[in-house]
Amino acid sequence: MTLQAIDTAHLSSQTGGDHELERELLMLFVQQCAAHLRTIHSSTDRQVRMDAAHTLKGAASAIGAWQVAEAADRIEQSLAGPDASLAESAMDALALAAAEARAVIARFDCAA
């Protein structure tokens, strides 16, 4: 796992080095991330929350946001287990990782 919020080498390999496509994917991720975070935090339906965490994990993995993907995976696994309250402790990690990823994306967007 990398300590940076977005693995830009991974992102570049996903896009073939197309910076405009990278920018598009990052902006799409920011939108998806916000929507899935809202669902994970506010839905009362465990399956809906699991689905949102799973989808966020995939979106984060696609752009190299490994910390977001890992935190979303922990939430998904916790919700699938017998003690869904474990997911609550993973929420802070997800919120922090998502905020860090969004900050990097904002800097990336400004530099474009």
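Because the structure is predicted, anything quoted here is derived from the model rather than measured.
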Check residues 31-43 and write down every donor-acceptor pair under 3.5 Å in which the side-chain atom is one partner and the other belongs to a residue at least two apart or another chain.
{"from": "T39", "atom 1": "OG1", "to": "A35", "atom 2": "O", "distance (Å)": "3.2"}
{"from": "S42", "atom 1": "OG", "to": "R38", "atom 2": "O", "distance (Å)": "2.5"}
{"from": "S43", "atom 1": "OG", "to": "D45", "atom 2": "N", "distance (Å)": "3.1"}

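Q47 meets the side-chain hydrogen bond (donor to acceptor under 3.5 Å, both in side chains) test with D51; sequence neighbours excluded. H19 meets the ring pair (Phe, Tyr, Trp, His ring centres under 6.0 Å) test with no other residue; sequence neighbours excluded. Annotation: salt bridge (charged side-chain N to carboxylate O under 4.0 Å, His left out) contacts of E22 (sequence neighbours excluded): none. Applying the side-chain contact (heavy atoms from CB on, under 4.5 Å) test to A95 and every residue at least two apart in sequence or in another chain returns nothing. Listed by chain and number, the residues in a salt bridge (charged side-chain N to carboxylate O under 4.0 Å, His left out) with R102 amount to none (sequence neighbours excluded). Remark: L96 pairs with E100 by the side-chain contact (heavy atoms from CB on, under 4.5 Å) rule, at least two apart or across chains.
Put simply, the side chain of S12 never gets that close to the backbone of A9: no donor and acceptor are under 3.5 Å apart. Remark: side-chain polar atoms of R46 are paired, donor with acceptor, to backbone N or O of L79 under 3.5 angstrom.
The stretch residues 52-63 participates, sequence neighbours left out, in these side chain to side chain donor-acceptor pair (under 3.5 Å) pairs: H54-E76, K57-D73, K57-E76.
Between the CD atom of Q67 and the CG atom of L94 there is a distance of 11.0 Å, given to the nearest 0.5 Å. With values rounded to the nearest 0.5 angstrom, I105 atom CD1 is found 4.0 Å from I6 atom CD1. Note that the OG1 atom of T8 and the CD1 atom of I63 stand 11.0 Å from one another [nearest 0.5 Å]. To the nearest 0.5 angstrom, E24 atom CD is 8.0 Å from D18 atom CG.
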Pair F29, L56 - check side-chain contact (heavy atoms from CB on, under 4.5 Å), show working. CA-CA 9 Å; F29 174 75; L56 180 55; 3.9 Å; yes
Go through it in stages, so that I can follow the logic: the residues are V104 and Q4, the test is side-chain contact (heavy atoms from CB on, under 4.5 Å), and I'd like the CA-CA distance, side-chain angles, deciding distance and then a yes or no. CA-CA 9 Å; V104 167; Q4 63 192 48; over 6 Å; no
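In terms of hydrophobic clustering, with Ile, Leu, Val, Met, Phe, Trp and Tyr side chains grouped at heavy-atom distances under 4.5 Å, L28 and L21 are assigned to different clusters.
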